Amino acid sequence: MSVFKDEDPRIHGIKTKIRVVPNFPKPGIMFQDITTLLLDPKAFKDTIDLFVERYKGKNISVVAGIEARGFIFGPPIALAIGAKFVPLRKPRKLPGDVIFEEYTLEYGRDRLEMHVGAVELGERALVVDDLIATGGTLCAAMNLLERVGAEVVECACVIELPDLQGRVQLNGKPLYVLVEYQ
């Protein structure tokens, strides 16, 4: 599901603030740069507000943000809905005991790590990132959370690249996006 189909007037403002950078970080990649969205306080606030409106009152206790841009959107959503924020980090960034999940990116391989004990059995989790491309990162995040007994309620992204069919990789898990880029 995505809000743009509902034609919320805030979506146009958000979409116009996202810059496309060709051939970054590798040739052939059309990078969707949300840093330009962050420069516009109204568009940034509208982005957070749209997510908060969707998730407030849904008994979500964990907002898991994927490094790095999930760290931008996840904490304000978590604060607004009364949930804790759990960072899902790249390898060797978290001190102490961690569990991890490896995955394939649009342009390589990586893994996500989470502190042992950060999420408890039965907690309801929302996974947040800026973008879904192939779906590998979101799948790794969901697997990590589900391995410790969390219920992943939904994944939320600002941007979807539907041509890469990442939504299919989620195996029916709900995905909510604000804007699509072909």
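From a predicted model like this one, the values you see are computed outputs, not experimental measurements.
Residue Cys139 holds its SG atom at 7.5 Å from CD1 of Ile132, rounded to the nearest 0.5 Å. Taken to the nearest 0.5 Å, the CD atom of Glu160 stands 11.0 Å off from the CG atom of Leu178. Note: Asp40 CG to Ile18 CD1 = 11.0 Å, rounded to the nearest 0.5 Å. Going from atom CG of Leu175 over to atom CD of Glu154 covers 7.5 Å, rounded to the nearest 0.5 Å. If you take CG on Leu112 and CG on Leu88, they are separated by 5.5 Å, rounding to the nearest 0.5 Å. To the nearest 0.5 angstrom, Arg10 atom CZ is 4.0 Å from Leu50 atom CG.
No chain of hydrophobic side-chain contacts below 4.5 Å, direct or via other Ile, Leu, Val, Met, Phe, Trp or Tyr residues, connects Phe85 to Leu79. Cluster membership for Val98 and Val127, using ILVMFWY side-chain heavy atoms within less than 4.5 angstrom, is not shared.
Looking at heavy atoms from C-beta onward, Leu161 lies in side-chain contact with Leu131 at the 4.5 angstrom threshold. For the pair Val152 and Lys173, the minimum side-chain heavy-atom distance is below 4.5 Å. When side chains are defined from C-beta on, Phe73 counts as touching Ile48, because their heavy atoms get closer than 4.5 Å.
Between the Gln32 side chain and the Met30 main chain, a donor and an acceptor come within less than 3.5 Å of each other. Distance alone, capped at 3.5 Å, is enough to place a donor-acceptor pair between the Asn23 side chain and the Gly28 backbone. The main-chain N or O of Phe100 is found under 3.5 Å from a side-chain atom of Arg147 such that the two form a donor-acceptor pair. Glu67 contributes no side-chain N or O that, together with a main-chain N or O of Pro87, makes up a donor-acceptor pair within less than 3.5 Å. Side-chain atoms of Tyr181 come within 3.5 Å of backbone atoms of Lys15 as a donor-acceptor pair (strictly under, hydrogens ignored).
Under the side-chain contact (heavy atoms from CB on, under 4.5 Å) criterion, Leu39 pairs with no residue, sequence neighbours left out. The side-chain contact (heavy atoms from CB on, under 4.5 Å) test applied to Glu123 returns Ser61, Val62, Lys84, Val119, Glu120, not counting sequence neighbours.
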Exercise. Determine, step by step, whether Gln169 and Thr134 satisfy the side-chain contact (heavy atoms from CB on, under 4.5 Å) criterion, reporting the C-alpha distance in whole Å, the side-chain angles of both residues, the deciding distance to 0.1 Å, and the verdict.
Key: CA-CA 7 Å; Gln169 300 305 314; Thr134 65; 5.7 Å; no
Exercise. List the steps and the verdict of side-chain contact (heavy atoms from CB on, under 4.5 Å) for Met142 and Leu170.
Key: CA-CA 9 Å; Met142 289 188 302; Leu170 301 182; 3.6 Å; yes
Practice problem: Verify side-chain contact (heavy atoms from CB on, under 4.5 Å) between Asp110 and Tyr103, making sure each step is shown before the conclusion. | Solution: CA-CA 6 Å; Asp110 213 339; Tyr103 64 100; 3.6 Å; yes
Quiz item: Where do Thr35 and Arg69 land on the side-chain contact (heavy atoms from CB on, under 4.5 Å) test, with the steps shown first?
Solution: CA-CA 9 Å; Thr35 61; Arg69 291 173 298 277; 5.9 Å; no
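Closest heavy-atom contact between Cys155 and Tyr55: O-OH, 4.1 Å. Scanning both residues, Leu138 and Cys157, for their nearest heavy atoms gives CD1-SG, 3.8 Å. Between Leu94 and Glu113, the shortest heavy-atom distance links the atoms CD1-O, 3.6 Å. Between Val128 and Gly74, the shortest heavy-atom distance links the atoms CG1-N, 4.0 Å. A pairwise comparison of heavy atoms in Gly13 and Thr16 identifies O-OG1, 3.0 Å as the closest pair.
Using a 4.0 Å cut-off between a side-chain N of Lys or Arg and a carboxylate O of Asp or Glu, Arg109 and Glu102 qualify as a salt bridge. One finds no salt bridge joining Glu180 and Arg167 here, because no Lys/Arg side-chain nitrogen approaches an Asp/Glu carboxylate oxygen to under 4.0 Å. A salt bridge links Glu151 with Arg124: at least one charged nitrogen is closer than 4.0 Å to a carboxylate oxygen.
For the pairing with Phe51, the side chain to side chain contact (heavy atoms under 4.5 Å, CB included) check across Val63, Leu126, Ile77 returns one residue only, Ile77.
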